[in-house]
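Quick note: numbers below take in every heavy atom, side chains included, and nothing from hydrogens, waters or symmetry partners.
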Amino acid sequence: MKKFTGLSLLSILLLALLGVPRVIGHDLGWLDEGTFINSLFVFIPILIWLAVAVMKKQIYPFRLMLMLGVAFGVMLALTHQVLWTSSFEAPPQLGGNLTDTPAYIRIFVPRIAVVFSGIMTGTIMGVLLGGVAFIIRKLIR
C-alpha cells in the first residue's frame, strides 16, 4: 500500500478511523444534523486527511484519498451494521410488492443496501477529496 499511496495500510486505517466517531454519534442520535458540533465531526477528519495528502512530499494525493475513502466507507458500513438495532425504533422494512417476502429477506435486503451505500459513499468521497487534494497540491507547488 505504501508504494501505491505513500502511506502504510496502518496509517490509512488510522486516518480513516477519524471519521467513525461522527458515524457512531449519528447512529446513536447523539449528533444532530446541521449543528456546529456535528460540523466539527464532519469536517475535522476531512481537513486532516487533506492536510496529510497535500503536505507530505512522498504521497500520491489522489490515490491516498481514494484509499482513505474506501477504508472509511467500509468502516461506515460496518459501524451501521453493528449499531443497526440502536439506530432504529423499528428496523426498515421492504414495502410494496415485497411486503409479503420472508422475514429473512426483509431483514437482509436493507442491510445489504446499507453496506453497498456506505462503501459507495466513502469511495465517492475519496474520489472527490482526491481531486481536491491533487488540485491543491498542484497550486502550492
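Follow the hydrophobic side-chain contacts under 4.5 Å out from I44 and you reach L64 in the same cluster. In this structure, L28 is not a member of the same hydrophobic cluster as L78, with clusters built from ILVMFWY side-chain heavy atoms closer than 4.5 Å. With hydrophobic clusters built from ILVMFWY side chains whose heavy atoms lie under 4.5 angstrom apart, I140 does not share a cluster with L47. Linking ILVMFWY side-chain heavy atoms closer than 4.5 Å, directly or via other members, places L31 and L40 in a single hydrophobic cluster. The hydrophobic cluster containing V74 does not contain V20, counting ILVMFWY residues as joined when their side-chain heavy atoms lie under 4.5 angstrom apart, directly or transitively.
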Start with the C-alpha gap between L128 and M65, add the side-chain angles, then the distance that decides, and say whether side chain to side chain contact (heavy atoms under 4.5 Å, CB included) holds. CA-CA 8 Å; L128 295 174; M65 296 308 285; over 6 Å; no
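By the 4.5 Å side-chain criterion applied to Ile, Leu, Val, Met, Phe, Trp and Tyr, I135 is assigned to a cluster that also includes L139.
The CG atom of L17 lies 12.5 Å from the CD1 atom of I12; values are rounded to the nearest 0.5 Å. The OG1 atom of T5 sits 9.5 Å away from atom NZ of K56, with the distance rounded to the nearest 0.5 Å. Residue I59 holds its CD1 atom at 12.0 Å from NZ of K57, rounded to the nearest 0.5 Å. The CD1 atom of I24 sits 11.0 Å away from the CG atom of L76 when rounded to the nearest 0.5 Å. Taking CG of L13 as the reference point, atom CE of M75 lies at 4.5 Å (rounded to 0.5 Å).
Taking each heavy atom of R106 and D100 in turn, the nearest pair found is NH1-C, 4.3 Å. Shortest non-hydrogen contact noted between L50 and L129 is CD2-O, 3.7 Å. Listed here is the closest heavy atom pair of A133 and A53: CB-CB, 3.9 Å.
Looking at I48 and L15, their side chains come closer than 4.5 Å, going by heavy atoms from C-beta outward. Considering only heavy atoms from C-beta on, L7 stays 4.5 Å or farther from M1 through its side chain.
Every pair passing ring-ring contact (aromatic ring centres under 6.0 Å, His included) that includes a residue from residues 16-60 is listed here, sequence neighbours excluded: W49-F72. Pairs passing the side chain to side chain donor-acceptor pair (under 3.5 Å) check and including a residue from residues 66-84, sequence neighbours excluded, read D27-H80, Q81-R111.
Taking the side chain to side chain donor-acceptor pair (under 3.5 Å) definition, one finds that Q58 meets it with nothing, sequence neighbours left out. For the side chain to side chain donor-acceptor pair (under 3.5 Å) test, residues two or more places apart in sequence or in another chain that qualify with S11 are S8.
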What pairs of donor and acceptor atoms, side-chain ones from residues 112-127 against any protein atom, are under 3.5 angstrom apart with sequence neighbours left out?
| from | atom 1 | to | atom 2 | distance (Å) |
| --- | --- | --- | --- | --- |
| S117 | OG | A113 | O | 3.4 |
| S117 | OG | V114 | O | 3.2 |
| T121 | OG1 | S117 | O | 2.7 |
| T123 | OG1 | I119 | O | 2.8 |

